[in-house]
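A short write-up of the structure that comes next.
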Amino acid sequence: MAVELAPGLGGVALFTAPGLAVCGLAPGLRRLPLPRRLAYAYLLGVATVGGGLYALSHFAGVPLRRPAILAVAAAPVLAGLAAWGARLWRRDRRGKERRAGRVGRWPWRRPFDPGGLLVAACAVIAAAVCLGVLLDAVTDPVKDWDGRMTWCAQARYVRAAATVDAAVLREGQWFITHPQYPLLLPLAQVAEMEVFGTPDDGHAFRALYAAFLPALLLVAYDGARRWAGRAPAALVTLAASLIPFMMKGEGGANSAYSDLPLACFYGAGLLLLLAGRARSGDGLAAGLLLGAAVLTKNEGLPYAVLALLLGCVVSLAPRPRLRGSGPTRMVHGSPAAGTASGAAEKSGRGVGGRLPLRRLAAAGLPVVLAIALLVAWRAGIPNREDENYPGFVRPADFWPAAFTRLPQVVPVMLSKMYDWEGWTAFWWMAPAVLVAGWRALRRPVARRLLIAAAAPPAMAWAVYSVHWLPTYIASVTWERFLFHGMVPLLVSLAIALADVLRRTGLWSRASS
């Protein structure tokens, strides 16, 4: 098969450049190291460009061709450049000096850092895994079932009609599977194919899906480092990168499913809300990511609502009483007791304190707009070849089926989780670490992360309670539901692992 590396990487850059501009509008993201900032940038670029094309195509009838796609991608870049120029002007006007520490000693003159060496080793291994997935994506066509049946098929319909309101979707006589599925990822495929002129039967677009794997790992590392420290974050991220399902499962990085993108959008938006940075720009970035989750899969809507509710909890929680006069910077790893930074860390809100309502409103607005767009777009599409859960699910159906069906579905779920070829020892390790580090999981931020991680399996349980073929649907969807909550689960594991390392006497060396 022909190698399509250039258009594949070009498609990733098509979304990363606008995303970097959006990161520039969010102070919390703007200060991140470049690798983690690039991960958020890619996700924000898909959310901004894809969501903008979705809205313009449906509401304004803008054709999905190269000029419109480039214009939508250029708009955030221009806005980011303008904001960057304004920041430079304000900085010069105030006479601020360059931040200390930008020019430091050469790396080889720094003292030996075992924690940094561990992080570097884990990063090299994870990068090798991601590179392998990318090379597979640009050299081989898509082979997975849902990718060929649903998402790539929708992309062809949309590209041929140059609109998200393609006649084949809106006219009921055509045989279409899941015609009301959200189209954000097929739109990303269309944008890449139109800009770089790749054919419908090409596979360069697979690089877009492959890029979500390093994005997920970097986002999870960012959250784990914030609340657990470098070493636990690196170890947990390394463990995730070695899960075979992350790479080659039905929904993994080498497929064209929308489950990995959904896990990225949900996890990244949630972490931005739980970080509690008191800036509207960070709230807007979180809202864009959660809005993208709504436009990625049906499950994205309840996930986004849950993330906003958890953000409300952060916003309305009382401020901690701070004692002592310690430094106010964020402490990675174990917070120092009795200091302002330690109390803020234990509260799960960071140094900025309580999440202001204006930031929460900035996060909620994109989600509301995404829901409105999805409802308006679906209104003209007759549903067919779909389970249509809203049409037949009644609250009375969950009782007692939610418990009487457990003997049928639990063996299927366990067989999937403990399949060595799919998950190796991950589901043996994860519960053991959570139990061993249970003391750290009493922190408010850890409890919120566990709630967010438990939401996808809880939704799966609800689906299996009402579906007419529970064992079949569990066999094909359970692993993907587990995937959806992977980011908050990994951060929770890192928090628990940090407690285990500290209590076993390895903490000082691991966190150095």
Side-chain angles (χ1 to χ4, degrees), residues 8 11-12 14-16 18-19 22 38-54 130 133-134 137 142 144 146-147 150-152 154-155 158 178 181-192 204-220 240 243 245-272 285-304 307 366-367 370 374 452 455-456 477 479-488 490:
V12 175
L14 176 67
F15 297 105
T16 305
V22 178
L38 286 174
Y40 282 101
Y42 178 65
L43 300 179
L44 285 168
V46 175
T48 305
V49 176
L53 291 172
Y54 211 143
C130 295
V133 172
L134 175 64
V142 63
D144 53 271
D146 274 16
T150 302
W151 307 110
C152 293
Q154 313 293 57
V158 170
H178 311 300
Y181 271 15
L183 290 180
L184 185 66
L185 268 299
L187 272 175
Q189 294 181 221
V190 171
E192 184 272 338
F205 70 88
R206 289 191 61 211
L208 300 177
Y209 291 89
F212 281 101
L213 177 59
L216 183 142
L217 296 176
L218 286 166
V219 166
I243 298 174
F245 186 85
M246 297 275 284
M247 297 170 277
K248 61 181 182 179
E250 291 189 348
N254 72 345
S255 71
Y257 284 52
S258 290
D259 296 278
L260 175 57
L262 177 60
C264 290
F265 293 133
Y266 171 48
L270 174 76
L271 294 186
L272 288 180
L288 288 172
L289 293 168
L290 295 176
V294 173
L295 298 177
T296 298
K297 285 199 75 175
N298 293 336
E299 297 92 329
L301 196 157
Y303 297 163
V367 177
L374 187 61
T477 63
E479 293 173 287
R480 286 183 273 165
F481 276 111
L482 293 174
F483 209 176
H484 296 169
M486 187 57 65
V487 170
L490 292 175

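Any value given below was found using the heavy atoms of this structure, including those in side chains, with hydrogens, waters and symmetry copies removed. Residue numbers count from 1 along this sequence. Predicted, not measured: the structure shown is a model, and the values here were computed from it.
For the atom pair CG of Leu271 and OH of Tyr266, the computed distance is 10.0 Å after rounding to the nearest 0.5 Å. The CH2 atom of Trp151 sits 8.0 Å away from atom OG1 of Thr296, with the distance rounded to the nearest 0.5 Å. Taken from CG in Leu290 to CG in Leu295, the straight-line distance is 11.5 Å, to the nearest 0.5 Å. With values rounded to the nearest 0.5 angstrom, Ile243 atom CD1 is found 10.0 Å from Leu482 atom CG. Put simply, CG on Asp144 and SG on Cys152 are 7.0 Å apart, with the number rounded to the nearest 0.5 Å. Between the CG atom of Leu184 and the OH atom of Tyr54 there is a distance of 8.0 Å, given to the nearest 0.5 Å.
One N or O on the side chain of Gln154 and one on the backbone of His178 form a donor-acceptor pair closer than 3.5 Å.
Side-chain contact between Leu43 and Phe212: present, with at least one pair of heavy atoms (C-beta onward) separated by less than 4.5 Å. Using a 4.5 Å heavy-atom cutoff, the side chains of Glu299 and Arg480 are not in contact. Within the 4.5 Å cutoff, the side chain of Val46 has no heavy atoms near those of the Pro261 side chain. Put simply, the side chain of Leu185 does not reach to within 4.5 Å of the side chain of Phe205, judged on heavy atoms. Within the 4.5 Å cutoff, the side chain of Phe265 has no heavy atoms near those of the Tyr303 side chain. Contact check for Val487 versus Leu270: no side-chain heavy atoms found under the 4.5 Å cut-off. Residues Asp146 and Glu250 form no side-chain contact, since every pair of their non-hydrogen atoms from C-beta on lies 4.5 Å or further apart. Residues Pro18 and Thr48 form no side-chain contact, since every pair of their non-hydrogen atoms from C-beta on lies 4.5 Å or further apart.
The two atoms that bring Ala188 and Leu208 nearest to each other are O-CD1, 3.5 Å, heavy atoms only. Counting all heavy atoms, side chain and backbone alike, Leu260 lies closest to Gly252 at CD2-C, 4.3 Å. What you find for Asp259 and His484 is that their closest heavy atoms are OD1-NE2, 2.7 Å. Taking every heavy atom of both residues into account, Ala39 and Val219 meet most closely at CB-CG2, 4.3 Å. Closest heavy-atom contact between Ala370 and Gly291: CB-O, 3.6 Å. For the residue pair Asn254 and Val133, the shortest heavy atom distance occurs at N-CG1, 4.2 Å.
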message: Apply side-chain contact (heavy atoms from CB on, under 4.5 Å) to residues Leu38 and Tyr42 and explain how you reach the verdict.
response: CA-CA 6 Å; Leu38 286 174; Tyr42 178 65; over 6 Å; no

message: Is there a side-chain contact (heavy atoms from CB on, under 4.5 Å) between Leu183 and Val158? Walk through the geometry before answering.
response: CA-CA 9 Å; Leu183 290 180; Val158 170; 3.9 Å; yes

message: Go through it in stages, so that I can follow the logic: the residues are Tyr209 and Tyr257, the test is ring pair (Phe, Tyr, Trp, His ring centres under 6.0 Å), and I'd like the CA-CA distance, side-chain angles, deciding distance and then a yes or no.
response: CA-CA 8 Å; Tyr209 291 89; Tyr257 284 52; 9.2 Å; no

